[in-house]
Amino acid sequence: MRHRHARTSACAVLAAVGALVLTALPGSAAAQSVRADSTNPQTSHRTAAETLAVGATSDAVFQAMQRDLGLNRAQAERRLANEAEAGAVAGRLHHALGGSFAGAWVSGTESTTLTVATTDTTRLAAVRAAGARAVHVPHTLAQLDAAKDKLDRASARRAAPQASSWAVDVRTNTVQLRAADPAAARSFVAASGADRGLVSVGATAERPRPLYDIRGGDAYYMGGGRCSVGFAITRGTQQGFATAGHCGRAGTSTTGYNQAAQGSFQASTFPGRDTAWVAANSSWTSTPYVKGQGGQNVRVAGSTQAAVGASICRSGSTTGWHCGTIQQHNTSVTYPQGTVSGVTRTSVCAEPGDSGGSFISGSQAQGVTSGGSGNCSSGGTTFYQPINPLLQGYGLTLKTNTSGSEDPGPSEPGGTWSAGTVYEAGAQVTYGGTTYRCLQGHQAQEGWEPANTPSLWEQV
């Protein structure tokens, strides 16, 4: 049944590309006019090859196209098929037009229109014969690329204007440069040696920046030291991460795993407790992941406290991913700097640099690496600072979803339960007119309402 469905979908896709005519330009390999038709044995193999990417497209892509482009499955298939066919036609025309080719682009949603630009008016009819819309322009693509290359080389010699970007825009037949300061941009163009007649300069409100992910277990640096990210968090609209207090004091600046500027410690406690959190700059985004075995992402779904004897794994920037068991909760341990209370003892190994990193049991965040003894060659004992008291103490929300917001939804009318609140075992709340007692410590989140989670709440 599954294979029959796949064949049916493929046929629908193949039929959809029949709207595009493939007529070879004079001098190209095929001199005859043929329509892409899955029933035509002469063209079915070619059409199938050109739409292979559509047949292999995952459901996740179609779902995203529906969400972001407003297309249902059939519409998305037609669009992808037509775009694939248009790309093939554009490639043939690029080859056939040679130096007069000035770019190609598609427009439309389901019914795709391919436009091809050329500087040679004698080739416009041939472009139309191939099934594309033809436009005549003054500059070839090679000329535009050469102008952009000069800007690229200039940016290596001198600083480009702030918040600037430039690209070949085939629709306008120019190199478009946009900057916060257009006057500075024009000076930059003049100094580059690029043909100013090819470069269009304009103002932009955009402020481009590099984008990096905050992920548990990844390294971060503080001056000459290195620690590991515990768990990504949010505090209102601020993004950042929880980590160990002994890694830095409030005000200490951090750089990320890639040595890019990252943020600074907002609060830190050590000894007594071993807690801290770092607020990240706008280049960094909190993610609900911990770096697992082989660098794979391990999803963080919550912070339900695991019991003594439960399995637990740790991620750190020195030794990576290691697992063991929880041995004792509510432990006090004395380091050379003083005593730290309320940590959990485990059989998981760790080494310097792993400090601050993630302890996770299944999908549930447990705590940030504090200290220990031994190593990952001979084995050892490691303590972690539980995550729920850390979150509660600093008013942080654990990152557990993949959307851009962790804002808690509306609480149940008349109830005291609230998403984002850390509840300890034994705490009582009301929800929907019923009183519940917390069974396991956790940070509440949408979907974990007392009536929906009997593993976390019981009716009183």
Side-chain angles (χ1 to χ4, degrees), residues 215-233 240-250 252 254 257 265-278 290-292 303 305-306 308-361 364-394 396 441:
R215 180 178 64 164
D218 279 337
Y220 70 92
Y221 299 86
M222 324 76 58
R226 171 172 56 85
C227 275
S228 302
V229 173
F231 294 95
I233 56 86
F241 60 88
T243 189
H246 73 266
C247 288
R249 296 302 184 196
T252 300
T254 68
Y257 62 87
F265 280 75
Q266 300 301 294
S268 176
T269 301
F270 181 80
R273 298 285 181 173
D274 197 359
T275 63
W277 79 280
V278 171
V290 164
K291 183 179 181 181
S303 61
Q305 180 177 307
V308 170
S311 61
I312 193 167
C313 297
R314 179 194 55 74
S315 182
S317 60
T318 299
T319 59
W321 184 255
H322 289 274
C323 300
T325 60
I326 295 174
Q327 296 176 325
Q328 296 167 333
H329 286 309
N330 196 22
T331 302
S332 295
V333 58
T334 301
Y335 300 129
Q337 298 88 345
T339 299
V340 175
S341 300
V343 294
T344 295
R345 178 188 178 99
T346 75
S347 64
V348 186
C349 69
E351 295 180 12
D354 289 329
S355 286
S358 325
F359 268 87
I360 187 168
S361 181
Q364 301 298 302
Q366 298 300 307
V368 299
T369 304
S370 176
S373 60
N375 54 55
C376 288
S377 296
S378 59
T381 296
T382 306
F383 301 92
Y384 67 79
Q385 177 72 59
I387 189 65
N388 285 326
L390 187 158
L391 297 172
Q392 186 175 34
Y394 296 134
L396 308 176

Exercise for the section: Look at the aromatic rings of Y220 and F241 and report parallel, tilted or perpendicular, splitting at 30° and 60°. Expected result: tilted
Practice task
Please report the closest heavy-atom contact between L390 and A242, naming both atoms and the distance.
Solution key: CD2-CB, 3.6 Å
Exercise for the section: Side-chain contact test, heavy atoms from C-beta onward, threshold under 4.5 Å: evaluate it for T344 versus Q366 and give yes or no. Expected result: no
Problem - Residues which pass side chain to side chain donor-acceptor pair (under 3.5 Å) with S228, listed by chain and number, not counting sequence neighbours - result: S317
Handout entry: Note, V333 side chain near R345 side chain (heavy atom, < 4.5 Å)
Key = no
Handout entry: Donor-acceptor pair, side chain of S315 and main chain of K291, under 3.5 angstrom
Key = yes
Problem - Partners passing side chain to side chain donor-acceptor pair (under 3.5 Å) against S332 (at least two apart in sequence or in another chain) - result: S341
Exercise for the section: Side-chain contact test, heavy atoms from C-beta onward, threshold under 4.5 Å: evaluate it for Q385 versus V340 and give yes or no. Expected result: yes
Exercise for the section: Using modelled atom types only, decide if a donor and an acceptor are shared between the side chain of T346 and the backbone of T382 within a distance under 3.5 Å. Expected result: yes
Handout entry: Min side-chain heavy-atom separation P386-Q305 under 4.5 Å
Key = no
Exercise for the section: Establish, from distance only, whether the side-chain atoms of T334 and T339 form a donor-acceptor pair under 3.5 Å. Expected result: yes
Handout entry: Side-chain heavy-atom pair W321, I360 within 4.5 angstrom cut-off
Key = yes
Handout entry: Test item: D354 side-chain N/O and T318 main-chain N/O as donor-acceptor pair under 3.5 Å
Key = yes
Problem - Audit row: F265, T243, side chain to side chain contact (heavy atoms under 4.5 Å, CB included) steps and yes/no - result: CA-CA 10 Å; F265 280 75; T243 189; 3.9 Å; yes
